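First listed ligand is number 1; within each ligand, the first listed atom is number 1. What you see is a predicted model; the values in this text were computed from it and never measured.
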Amino acid sequence: MKKVTFITAFPEFLECFLAHSVIGRAVGSKTIEARVVNLRDFAVNRYGQVDDYAFGGGGMVLMAEPLAKALQSAGAEDATVIYPSPQGTVLSQELVESLAAREHLVLVCGHYEGVDERFVETFVDLEVSLGDFVLTGGELPAMVLVDAVARLVPGVVGKISAVEEDSFFRGMLDTPHFTRPSTWRGVPVPEVLLSGDSAAIEKWRKQQSVARTIARRPDLLASANIRPYLPKRPYLFLSGVTAALSGGLQLLERPARLYGFERILVVEPEEDRLHQLSARTGNAGEGEMTWVKFFKTAQQAFRWVSKKEKESPCAVGIEERKSGHSVHWLEAKRRILESGKPLIMGLAGDLPEAQVLVFPPRGGFEGEGELDPAVLLSICMDRFFGCR
Ligand code: 4G0
């Protein structure tokens, strides 16, 4: 967004917003070009009338012609015309990001019962709502939207890292923040923040984000990328049979890396088959000797993880068929976060010791047979650890 135009019957209302603080500086430095068009300059009579009674009863409605003339005066041929209204699609950070890529935004600020629908149909590209509540005018939502978009424009917010961090930790709530004094009215700042131990601080902040998201906005977990919030990288667990099946191990290596897994653990009690499997991995000769680890029993694999992570792991089993004990993957995602333990993910059939069992994926078209294990595990890796 380089240019923004507000069309409003109350131009004074926008002055403070455009003159002060972060937005004020962006406008002052011409990082953003802002214009306010006074709707009353395009009134239908010399009394400055821009609204009229709604046909069929109801309150006042902004007339189409003054709005159309105001829009024309804004030179907005290539602009994206946005109309804030309670009937719009709800604004989200995703929508804010896509709007930041537009050159010129025009915000049409409605009042009373809104604007003549014929203007909306003819000129408005996007009707946007901030949420399910009603305000006296569209000016505040227009300013809110522009504020959210403006902070994504390079040069508007000084610390670009702050903006980037928001998107990296996208989808989870922020951690609490504290500043001096270290004790205020008898309430101390959490000790860890004063410790100078940056690893411990990082860990604490992630725990806080997780706890708050689960308590306040559990709905966010559905689309949140939880990988950055796990205390440790997860492990992928495969039995020898699964690993061998239609080249499962080779197929799963790349996705396991893509989704940030620490290791693939393969359990095969039979010596010959173990040798065959290990010969087929890219392990030898590529300087990645230990990315796939082989064990004779699941117990050994679990003990190896416990020792490495200094904590017993939490095993999550993906079912190939729904059983009575399994949970929805959203519930599993929550439990994984809450456990705070190193995670081992595999097929339920391969992991009799799994603490959490997850329903198999469903497409709504049943009766097409079970999925190939590599496909099944890839789908689940994306559900649990994919970026949205
Ligand atoms: C259009 C947006 C604009 C129609 C605008 C009101 C809340 C929001 C306005 C109406 C607004 C929001 C039909 C009352 C101006 N209030 N939730 N007020 N009607 O974003």
Quiz item: Counting from 1, what ligand 1 atoms have a heavy atom of V134 closer than 4.0 Å?
Solution: 7 (C), 14 (C), 16 (N)
Quiz item: With atoms numbered from 1 as shown, which atoms in ligand 1 lie under 4.0 angstrom from a non-hydrogen atom of G138?
Solution: 15 (C)
Quiz item: Between T80 and D125, is any side-chain donor less than 3.5 angstrom from a side-chain acceptor?
Solution: no
Quiz item: Thinking salt bridges, do E370 and R321 make one under a 4.0 Å N-O criterion?
Solution: yes
Quiz item: Does the distance from a Lys or Arg side-chain N to an Asp or Glu carboxylate O, for E121 and R118, drop under 4.0 Å?
Solution: no
Exercise. Return yes or no for this condition: an N or O of P141 is under 3.5 Å from an N or O of ligand 1.
Key: no
Self-check item: Ring centroid separation F119 to Y83 under 6.0 Å
Solution: no
Quiz prompt | S129 neighbourhood, listing ligand 1 atoms whose heavy-atom distance to it stays under 4.0 Å | solution = 12 (C), 17 (N), 20 (O)
Quiz item: Does R254 make a cation-pi contact with Y259, if we ask for NZ or CZ under 6.0 Å from the ring centre and within 45° of the axis?
Solution: no
Exercise. Taking atom CD of Q250 as the centre, report whether more than 12 heavy atoms of other residues, nucleotides or ligands fall under 6.0 Å from it.
Key: yes
Quiz item: At a non-hydrogen distance cut-off of under 4.0 Å, which region of Y83 contacts ligand 1 (side chain, backbone, both, or neither)?
Solution: side chain
Quiz item: Relative to ligand 1, is H111 under 4.0 angstrom through side chain, backbone, both or neither, heavy atoms considered?
Solution: neither
Practice problem: Would you please say whether a donor-acceptor pair under 3.5 Å links the side chains of S246 and D372? | Solution: yes
Practice problem: Mind checking whether P86 contacts ligand 1 via backbone (N, CA, C, O), side chain (CB onward), both or neither, at a 4.0 Å heavy-atom cut-off? | Solution: both
Quiz item: To the nearest 0.1 Å, how far is atom 3 (C) of ligand 1 from its closest protein heavy atom, and which atom is that?
Solution: P84 O, 3.6 Å
Quiz item: Any idea which atoms of ligand 1 are less than 4.0 Å away from a heavy-atom of G137?
Solution: 11 (C), 15 (C), 18 (N)
Quiz item: Which one of V61, L135, V128, V144 has a non-hydrogen atom at the shortest distance from atom 11 (C) of ligand 1?
Solution: L135
Quiz item: Between W291 and R257, is there a cation-pi geometry (under 6.0 Å to ring centre, at most 45° from the normal)?
Solution: yes
Quiz item: If you count the atoms of ligand 1 from 1 in the order shown, which ones are under 4.0 Å from a heavy atom of Q87?
Solution: 13 (C)
Quiz item: Which residue holds the protein heavy atom closest to atom 7 (C) of ligand 1, what is that atom called, and what is the gap in Å?
Solution: F133 O, 3.3 Å
Exercise. Show which atoms of ligand 1 fall inside a sub-4.0 Å distance from at least one heavy-atom site of Y112.
Key: 6 (C), 10 (C), 14 (C), 19 (N)
Quiz item: To the nearest 0.1 Å, how far is atom 12 (C) of ligand 1 from its closest protein heavy atom, and which atom is that?
Solution: L130 N, 3.6 Å
Quiz item: Is atom CD of Q72 surrounded by more than 12 heavy atoms (other residues, nucleotides or ligands) closer than 6.0 Å?
Solution: no
